[in-house]
Each structure stands twice: as C-alpha cells, then as structure tokens.
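Model, not experiment: these values are computed from the prediction. Naming convention: chains lettered A, B, ... in sequence-line order (proteins, then strands); numbering from 1 in each chain.
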Amino acid sequence: MRWTQTLIPTLREAPADAEILSHKLLLRAGLLRKLAGGVYTFLPLGLRSLRKVEQIVREEMDRAGAVEVLMPALQPPDIWQQSGRYESARDVLFKVRDSANREWLLGPTHEEVITLLAAAEINSYRQLPKNFYQIQVKFRDEIRPRFGLMRAREFIMKDAYSFDVSDEAAQVSYQKMYDAYTRIFARCGLKTLPVEADTGVIGGKFSHEFMVPAETGENEVVYCDTGNYAANLEKATSQGPITPTPAVSAGAAPERFPTPGVVTIEALASAPYNVAAHQQIKTLIHVVEGKLVIALLRGDDQLNEAKFAGRLGTATFRAATAEEILEATGAHPGSLGAVTSTRTKPEIKVFADEVLRGARGMTTGANEDGFHLRHVDMERDIRVDEWADLRTVRAGELCVSTGQPLKIRRAIEVGHVFKLGTKYSEKLGALFLDEAGARKPAVMGCYGIGVTRTLQAVIEQCNDKDGILWPMSVAPYQVCITPLNVAADNPGMKLAETLYAELTARGVEVILDDRDERPGVKFKDADLVGFPLRVSIGEKSLAKGEVEIKPRGGGVTPVKIEDALPRVLGLVQESEAR
RNA sequence: CGGAGCGUAGCUCAGCUUGGUAGAGCACCAGCUUUGGGAGCUGGCUGUCGCAGGUUCAAAUCCUGUCGCUCCGACCA
C-alpha cells in the first residue's frame, strides 16, 4: 500500500475528548474517528489491525473445535421475554420500531438466539458437544460510554456458546475455551491475567475473566505474587482483616452513651470517642424487591455489592433512602443501630458479615440521634438471620490459598468465560434425549471476547512517548518503507519501489511512505502509527551502498542494499514466531 | 440517573469577569527557499461563537431553556 493512496490522518495533538493514552493514540495515529459518543468509524489502518485480531480469534476458536455462525443483530423482543431478560437487562437494550410500529431489539448478546437454534436443531446426545461462535457487532445502551473503544455503544464481540450433555462434559468445553483464550491474547501480544470472576446471580464456581493490567482499567484485580491466586475484587476472599475483631466482653449489657452530632464511622473513631473503626458495627439498609434488608459489617469494611447480590439471589437492590430508613427504624441513617433495628424489627431480614462472628465489646449506633451503644456483643445482643462473606478484600490481607499478602491493581477485562448451566436451555427448550431416552436440558457455557476492546488494550499496553509499538501479529502493516526523496527518478525511490515489490510478492505487508514530506514528518508519523519495522532509504546511507533497518523502539542498523530483503524477511518471520 | 466540567476555524486553545460585531498556533492552498526527526519567509482560505429564546441601541460575552461531549459513581466484552 502506498501512503498517499490510503487515508492516515495523523494528528499532532489529541482531540480534547480523549482522556486515556490508548484512546488518544487511536485518534492521533489515524486509526479511528468518532461519529457520536460510543460510536466510531474504523479508518483503513484501524480496520487492518482489527481484522488481524479477529483472525487470531477465529483461528484459535476453530482450533478449539468451535464452529462459526453469524446471528442477526436484530432480535424480536419476545425471545427476551421468554428468558426473563427483557426486564432484567432492560437498561442496556436498544429498542427500535419498524414501520408497522413493532418493537425490535438490537442484540447486546445472543444467548437467546443460539439457545433457540439449539432447541430447534439439536435433539440427541449424539449431536453433542457443540460450540458455536460468531464475531459480530453488539449494541448496548451503555449508561456511560467512555474511553473510546473500551466501553462503546456499538462494539465488536466474539461470543461463543457451548452445549453439552452433562456438567462434566461442560467442564471440558469450558477448559478448552480457557486454553484458547490464553493463546489468543498471547498471540495478540497481550500480557493477560486470568482471574476468578463473580458469577452474578446465576451462581456457580466457574467463571474467569481475562484481565490486562492497566491503570486505566475499570476493574480491580486481587492477586498474590506466587501467581497461584487472582480474582476480581468482586469475588476475592482473604483470611480476613489485618486487625482482629474484638472478642472480649466489655460489659454485661450494651451501654448507651452520648455522641452529639456523630453520624459517621470516622467521627466516632476520632477524639474524644476514639472508638477504632474495626471496633464498630456498620448497619446498612437496602431495599430488595420492595423489602428492607439489613447488612451488618465491621466499621472499617466496605460492602461488596457483587457478593451481596449473589447472596440475595438478585442484583436489583438499592440503598434505602433516608426517609425509608427513618420510617422503618425511627432513626436517621447516621445513628442507625444494629442492636435496636435487629431486635425490634423481626420483619427485616438481617445479614451479617463473617468477620463479626463472635465479636464482643463492639460499638454501634443507638438508633437514636446523638447516642451510641458500647459493650455490644454480637451473639448476645444482635439477631442475625444469615452469616455471609459480604466484605470487600483490602490489599495486604493474607491469601486464603497461599498465605501471602494480597495486592490489588486495576485491569481491563478483555475476555470472560462462564459456565452457564441450564438456565437458558430450560427456559428456551434446548432439550435433548440422552442414551437412556430421557429428555434433558443441554448444559451451556458462554464465552466472550471484546474484540474492539482487545485492540485498544494492545495499544494501552504497547506504546512509548512517540506512539504505538504494534506487536507484529496485529500491526496494520508489518513494514514501513521510508524513502526520503520520492522523486520518481531518484535512486532511493527506485530502490524503495523495488524493495516494496519484492517484499509484497513474498507476502509481507508493506506500506510505502511515498509522501513528498520532510524526513522528520515521515519518521514521526511512522513512530506514531507504530509499524514494527521501518526501512529508511536516504542519500547518506545510499552513498555507502546501504539502507537502514529500524525496529520500532529499537536502534538503527545499516544493512547492505543486497542484504535488505533477506534481513527484513528474517525479522518479520522471527517476530511472528514469537 | 445522581455529582462535576466543557461547547469559539479541521485540531489545540485565547477572547467572556467589565457587552461594542472574532483571534493565535498548528493544519490547509499558492509561491520561493529548505531537505536525515513534526522547516523558514511571503501571501491566501477557513467560523450559523452548539441550538433556541430573552435582556439590550448592541450579545461569543449577561439571563433562561435545550442539545451534545468529557470526567466521577451504579452496569458490562
């Protein structure tokens, strides 16, 4: 490809609406342009890299035994009503109407469609296992699109769905996908960390997210240096808080004491009260499907909403308003008391975090403005309906499996593998007959990769001050040939043309920078776009019978003209093999 | 949806406080010079000042509304 033939609108400065580095580079390197918030056009170079990521995904999915299909983006709403997700997923559903005013959905994902297909076409255990995948545009009415391709309204996803005869067989399918994902991200040049992930309200143990460590990531990953434990913060557990919970009885009964104006854990922890946060009980009230629920945590702990949702069996809950709390308990939120509210309101279900088990000598609100209770004993003074792990792990706590201190860092989720079970196959009738002639629902798994997000994650991870450093596997072009004088009769340009033709003929993807620009402009652009190899041809080296080969991010190597072709071929092959 | 901020040339931004009829750099076009890391000089083009209403003799500037965008939170690949 000739530079002047394609469109590579590089920018010296990044548009003001790009915040993170990878988003700026996507725009500056001329890979992408925004049409509207969360909606983008891929320019020629961006599309080339995107296609390469897709091709890697396709090859590895095929190798893992999955088969490619293409499902419609447009879906009838009634299948979403059948699965129950018309309501539960309504916040992300894009709805459109046809000329007959009938409603349609733009697919945010395809469990319903594929399960109906399986229901219609798979009848016997002899047809299983099956794994269908597609690479397709998804639509999600994101509450807040951001960071370019990281969270878009319209994005490209690879989604796969496996169908198996049993839990054990589904586990095999799951492992195949897990292994395929490991290969896919490695081939894209990404360092990923597979982490145990929250399974949401479906439950179960089998879900992993593939994370790219990055400060700009929207997830937090808990891990320990042994490499034997990594989990999403939503899922992570530990041996418990570093400071132990008081367990010594400090009085025969709770004692009320005045605390005028104190409505926060912090205020009670400071002078003149000096009740450390870990000696306090935090009382949180949520509204779950119209009913109030109490969650008790140690004062210095944070409620982990994902864990709470898993325990409740629903993700649709919210913090109660100050009015609701006052009406139900007679206290304002800051003075809410675990003792009174759990004892006097039997209709409110009480969950307590495991860390509070056996706690004694605790302090909590008196359920009365301006007063707290001390010498509170969990077992003696508080009614608990269910004990549960509800707290969010903090860095420095010890790992349950390795005993090492846990660390927390931010990461980008690029893939998710999930054992679904029979939720969809039951609701949508994906049943088969087993060897004994019994009708059974297929055991499903689903596996997603954010293809466009992966592309941006590569840029987020592979860059320097000058621009992108594409891994050879996903670079828009492998080699950029840069003649410094582009006059048709110039010996350097003639050599560039020859080399361009020879490399292209051997299957190397080459872009020839045939622009009549100053050398500095060409070098800066080549670095910004990030082609893995650059071959520069100018008067100086030409006079010595040489050209220059420069890997992006590396130093210049002078090479004899006749050696240029084999050297470039060798370097391309070498970095592809890696 | 809650909180914060921003909309002026293709891009980055100034001008707004204190109303007087729109600017700079880069980009783009032409010419000359230059030619190994985003050149120099000369000349030129570029705007419904996001949109609508209001106040005023006069609005980019003040007021109201509205739309869009960005950031923080809940959701997710």
Using a distance-only criterion (donor-acceptor N/O pair, under 3.5 Å, no hydrogens), is the base of [N] paired with the side chain of [X]?
X        : N     : result
A:Arg518 : B:U34 : yes
A:Arg151 : B:C76 : yes
A:Ser536 : B:G36 : no
A:Arg146 : B:G73 : no

Base, sugar-phosphate or nothing for [X]? Non-hydrogen atoms, less than 4.0 Å.
X        : value
A:Asn485 : nothing
A:Asp159 : nothing
A:Val521 : base
A:Glu539 : base
A:Ser541 : base
A:Asp141 : nothing

*RNA chain B: 5'-proximal contact among A:Met150 and A:Ala18 (nearest heavy atom)*: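 Its nearest nucleotide being more 5', the pick is A:Ala18.
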*If you find the nucleotide of RNA chain B closest to A:Val92 and the one closest to A:Ala16, which residue's nucleotide is nearer the 5' end?*
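Its nucleotide being nearer the 5' end, the pick is A:Ala16.
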_Under the criterion of centre distance below 5.5 Å and interplanar angle below 30°, is A:Phe523 classified as stacked on the base of B:G38?_
no
*Within the side chain of A:Lys522, is there an N or O that forms a donor-acceptor pair under 3.5 Å with the backbone of A:Asp516?*
no
*B:U61 and B:U8: how far apart are their P atoms, nearest whole angstrom?*
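About 13 Å, rounded to a whole number of Å.
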*Could you measure between the two C1' atoms, the one in B:G38 and the one in B:C26, and give it in whole Å?*
10 Å
*asked:* Surrounding NZ of A:Lys176 (heavy atoms of other residues, nucleotides or ligands, distance under 6.0 Å), is the total greater than 12?
replied: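 Open: at most 12 neighbouring heavy atoms sit under 6.0 Å from NZ of A:Lys176.
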